[in-house]
Amino acid sequence: MFPTLKNNHITWYIVTEIVLSLLLFVLITSAVVFLLRGYLRKYKPADLRIFTSLQALHSPGNNRIMLGITFLGKHQFLIPANLLLIALFFFLGHQHWYALNVLLVSLSSLLLMFMLKQLFRRNRPAVPLLFEAKGKSFPSGHAIMAVCFYGLLLQMLLHTGIAPSLKTLFTIFTVLLILSISFSRVYLQVHYLSDVLAGLIIGCSWLLICLHLLNKLEYV
């Protein structure tokens with residue numbers, strides 16, 4: 001069943017929680033952007049040196065692996081995956097709340113990503129390794145969306161009755177997957193390292209705020 005707000009006191013409590021959480025997110029995001037933009041102004045060549053240091057890893061085989069990994073963070077994969085999850089949870093008995101979780105987290109993180117890209121409008125690296133990516137560079141959309149999608153899946157999984165050892169295994173796998181997707185964007189030279197770091201931090205912050213607010217709404 002979907003949660004319902006029972007009275008005006010609870011409604012204002014939830015609104016206050018939302019406003020405070022959004023303010024916290026703005027503060028975190030502003031701090032991340034401020035630090036990274038200062039870093040870029042002072043040490044701008046550092047991002048480019050990362051590309052140079054990764055050249056030793058470039059090979060046809062590694063290129064194919066990175067293309068496969070980066071696909072797991074592309075919208076061509078994540079949009080169908082989100083829709084499939086929503087449909088699965090919706091048609092399973094008493095799982096509508098999980099469907100709403102996936103819908104709200106996926107839509108809000110997507111909107112957030114587009115807003116931040118349009119706000120900062122940083123151009124992509126001038127010389128991509130294999131292909132030219134569309135859109136702006138800062139922050140990395142792959143990093144944000146990977147954290148929100150796979151992080152939400154992990155959170156749902158951790159609240160099931162599976163063995164603690166499996167929970168640990170899935171946690172390690174999810175973290176490595178998110179980091180691999182993020183690394184693939186730098187390897188392919190379609191994002192600077194600072195784009196990816198910002199995306200990871202912003203994605204984690206946004207997911208935690210979404211989970212906090214959804215948890216409050218679930219028990220209203």
Side-chain angles (χ1 to χ4, degrees), residues 29 32-33 35-37 39-85 105-154 170 172-207:
T29 304
V32 170
V33 171
L35 292 173
L36 284 175
R37 287 175 74 88
Y39 155 82
L40 291 173
R41 284 195 298 269
K42 191 173 181 180
Y43 304 105
K44 190 173 182 180
D47 261 336
L48 300 177
R49 285 199 296 270
I50 296 296
F51 294 148
T52 303
S53 66
L54 291 177
Q55 287 179 357
L57 299 177
H58 294 168
S59 70
N62 286 341
N63 292 350
R64 287 192 293 270
I65 292 173
M66 288 297 109
L67 285 173
I69 291 174
T70 207
F71 178 74
L72 298 177
K74 290 177 72 70
H75 66 274
Q76 290 94 334
F77 173 79
L78 290 180
I79 290 176
N82 275 292
L83 292 175
L84 180 62
L85 270 180
V105 171
S106 61
L107 287 180
S108 64
S109 57
L110 183 64
L111 178 61
L112 173 66
M113 178 195 71
F114 282 124
M115 288 175 59
L116 291 174
K117 283 182 178 290
Q118 290 304 309
L119 176 63
F120 297 105
R121 301 191 65 80
R122 185 187 191 189
N123 291 327
R124 298 269 184 177
V127 186
L129 180 63
L130 300 175
F131 60 88
E132 185 175 343
K134 297 180 180 179
K136 296 301 180 180
S137 192
F138 185 92
S140 167
H142 272 62
I144 292 176
M145 301 306 292
V147 168
C148 289
F149 177 73
Y150 296 108
L152 179 61
L153 281 183
L154 177 63
F170 283 125
I172 294 172
F173 174 79
T174 301
V175 172
L176 290 178
L177 177 60
I178 293 171
L179 292 178
S180 297
I181 291 171
S182 301
F183 173 76
S184 73
R185 307 306 285 168
V186 182
Y187 176 95
L188 295 169
Q189 297 180 187
V190 292
H191 274 298
Y192 298 106
L193 177 62
S194 51
D195 300 335
V196 168
L197 292 176
L200 289 171
I201 296 172
I202 291 169
C204 287
S205 302
W206 186 251
L207 178 61

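- Considering Ile144, Val186, Ile50 in turn, Val186 is the only one that fulfils the side-chain contact (heavy atoms from CB on, under 4.5 Å) rule with Val196.
- Tyr187 is linked by a ring-ring contact (aromatic ring centres under 6.0 Å, His included) to His58, counting only residues two or more places apart in sequence or in another chain.
- Partners of Thr52 according to the side-chain hydrogen bond (donor to acceptor under 3.5 Å, both in side chains) rule, which considers only residues two or more places apart in sequence or in another chain, do not exist here.
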Atom pairs and distances, side-chain donor-acceptor, residues 108-118, under 3.5 Å, sequence neighbours left out:
| unit_1 | atom_1 | unit_2 | atom_2 | d |
| --- | --- | --- | --- | --- |
| Ser108 | OG | Leu104 | O | 2.7 |
| Ser108 | OG | Val105 | O | 3.2 |
| Ser108 | OG | Trp206 | NE1 | 3.0 |
| Ser109 | OG | Val105 | O | 2.7 |
| Ser109 | OG | Ser106 | O | 3.0 |
| Lys117 | NZ | Lys136 | O | 2.7 |
| Lys117 | NZ | Pro139 | O | 3.0 |
| Gln118 | OE1 | Arg121 | NH1 | 2.5 |

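- Applying the side-chain hydrogen bond (donor to acceptor under 3.5 Å, both in side chains) test to Ser137 and every residue at least two apart in sequence or in another chain returns His191, Asp195.
- His142 places a side-chain N or O within 3.5 Å of a backbone atom of Thr70 that can act as its donor or acceptor partner.
- When all heavy atoms of Gly151 and Ile178 are compared, the pair lying nearest together is N-CD1, 4.4 Å.
- Under a 3.5 Å cut-off, the side chain of Ser180 and the backbone N or O of Leu176 do form a donor-acceptor pair.
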All N/O donor-acceptor pairs, side-chain side in residues 71-82, below 3.5 Å, sequence neighbours left out:
| unit_1 | atom_1 | unit_2 | atom_2 | d |
| --- | --- | --- | --- | --- |
| Asn82 | ND2 | Leu78 | O | 2.8 |

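- Phe170 meets the side-chain contact (heavy atoms from CB on, under 4.5 Å) test with Leu154, Leu157, Ile162, Leu166; sequence neighbours excluded.
- With values rounded to the nearest 0.5 angstrom, Phe149 atom CZ is found 12.0 Å from Leu207 atom CG.
- The side-chain heavy atoms of Ile202 and Val147, taken from C-beta on, include no pair separated by under 4.5 Å.
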